[in-house]
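Keep in mind that this is a model prediction, so the values were computed, not measured. In each ligand, atom 1 is the first atom listed, and ligand 1 is the first ligand listed.
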Amino acid sequence: MAEKILWANNVSQHFGGLVAVDQVSMELNKGEIVGIIGPNGAGKTTFFNDITGMYDPTEGQVFYRGKDITGKKPYEVTELGITRTFQNIRLFDRMTVIENVMVGVHSRTKANIVDSLFRLKNHKETEKKAHEKALSVLELTGLADFRYNYATSLPYGSQRKLEIARALAAEPEILLLDEPGAGMNEMETSQLIAFIRELRDLGYTILIIEHDMRVIMNICDRIYVLDHGKLIAQGKPSEIQSNPDVIEAYLGKEH
Ligand SMILES: Nc1ncnc2c1ncn2[C@@H]1O[C@H](COP(=O)(O)OP(=O)(O)OP(=O)(O)O)[C@@H](O)[C@H]1O
Ligand SMILES: [Mg+2]
């Protein structure tokens, strides 16, 4: 039976008079890859922000394994086991590839500020462990050979992968990917599809926002469709592809 691990209950996000997310409910079962699609401005990223504590929803609740996590701080959500990537790449350009991933490790390690500031004996040990963890994640993502290069010297597709690596370094149960395939060429997209499948096989549960239908239709078990903040459809890829409301949302009524 499906094990429900994350769910949103009538979540809304208002910005002044704008209703960016309008009473959206959805759920994620352990081991699933679930897609969120919808036209530009549909509220997809805002919904991610509501789940990950970047925003405090105007209405509704978010639950993770039965615990109400609505309005928790982003670092608290990360500590619980939910990490994300961003639509716009957010790498530290003056850091190497491995340093960027180590930032991800630290986002989960109970940061003992006194230790880090005064370099007490724990500090070296923590850094060593973070380095090892970062390296193992880089090996998984195929970026280990580039670990001492600057992050921004990597090809675009690899930078996107590095963002995922940094999220993985925090050892999440759930990974939220906001348009991981944006700007990728065909070969990079094919590699991304294979990589996300591999992550699922490793036990990660994945919620993915993506415009590239090849990615979405190939990897998702289920899909939710947002339009103007509202959930207008949900179902298997084959059901979504032929859903008239979805086609209308993308193409407009005249089609
Ligand atoms: N912080 C904010 N303040 C005000 N309005 C916002 C804010 N964030 C998002 N919006 C608005 O909310 C709506 C939903 O935006 P959102 O970025 O969630 O859409 P999206 O589905 O992710 O679109 P895209 O596919 O272009 O990334 C848009 O009208 C956007 O302008
Ligand atoms: Mg977005």
So the ring-ring contact (aromatic ring centres under 6.0 Å, His included) pairs with at least one residue in residues 147-188 (sequence neighbours excluded) are none
- Using a distance threshold of 4.0 Å (strictly less than), state whether atom 19 (O) of ligand 1 has a protein heavy-atom neighbour. yes
Any heavy atom of Y55 under 4.0 Å from ligand 1? The part involved is side chain
For Q87, the atoms of ligand 1 under 4.0 Å from one of its heavy atoms are 24 (P), 27 (O)
**OP:** Report yes or no: does G43 have a heavy atom closer than 4.0 Å to ligand 1?
**Re:** yes
### Task
Look at R166 together with E163 and state whether they make a salt bridge at an N to O cut-off of under 4.0 Å.
yes
Kindly say whether I33 contributes a backbone atom to a donor-acceptor pair with the side chain of D221 at under 3.5 angstrom?
yes
Residue set satisfying ring pair (Phe, Tyr, Trp, His ring centres under 6.0 Å) with F15, at least two apart, ordered chain then number -> Y55
Without swapping roles, check the side chain of K4 against the backbone of L28 for a donor-acceptor pair under 3.5 Å.
-> no
Inset, instruction - Kindly confirm whether the Mg ion (ligand 2) is within less than 2.8 Å of some N/O/S atom in Q87? - result: yes
Around atom NZ of K30, are there more than 12 heavy atoms from other residues, nucleotides or ligands closer than 6.0 Å? yes
Among non-hydrogen protein atoms, atom 4 (C) of ligand 1 lies closest to F15 CG, 3.4 Å
Check: Which is it for I82 and I69 under the side chain to side chain contact (heavy atoms under 4.5 Å, CB included) test, yes or no, and what are the steps along the way?
Finding: CA-CA 11 Å; I82 303 171; I69 62 164; 4.0 Å; yes
inquiry  = Side chains of T45 and D178 only: does a donor on one sit below 3.5 Å from an acceptor on the other?
reply    = yes
Salt-bridge test for K44 and D227: reply yes if a basic N is under 4.0 Å from a carboxylate O, no otherwise.
-> no
| field | Distance-only polar pair, side chains of E59 and S12, donor-acceptor under 3.5 Å | value | yes
Between G41 and ligand 1, does any nitrogen or oxygen pair lie at a separation below 3.5 Å? yes
| said: Polar contacts were defined as any N/O atom of the residue lying under 3.5 Å from an N/O atom of the ligand; does this apply to A42 and ligand 1? | reply: yes
For atom 17 (O) of ligand 1, the closest protein heavy atom turns out to be T45 CB, 3.8 Å
Note: L18, heavy atoms under 4.0 Å from ligand 1, region reported as side chain
Per-atom filter on ligand 1: closer than 4.0 angstrom to a heavy atom of T46 are 9 (C), 14 (C), 15 (O), 16 (P), 18 (O)
shortest atom 26 (O) of ligand 1-to-protein heavy-atom contact is with N40 ND2, 2.9 Å
Can you tell me if R84 and N49 form a side-chain donor-acceptor pair at under 3.5 Å? yes
Within 4.0 Å of some non-hydrogen atom of A20, the atoms of ligand 1 are 12 (O), 13 (C)
*ligand 1 contacted by H211 (non-hydrogen, < 4.0 Å)*: yes
Under 4.0 Å from one or more heavy atoms of E179, ligand 1 contributes atoms 25 (O), 27 (O)
- Query: Any N/O/S atom, backbone or side chain, of T46 lying under 2.8 Å from the Mg ion (ligand 2)?
  - Reply: no
Does ligand 1 have an atom under 4.0 Å from some heavy atom of F47? no
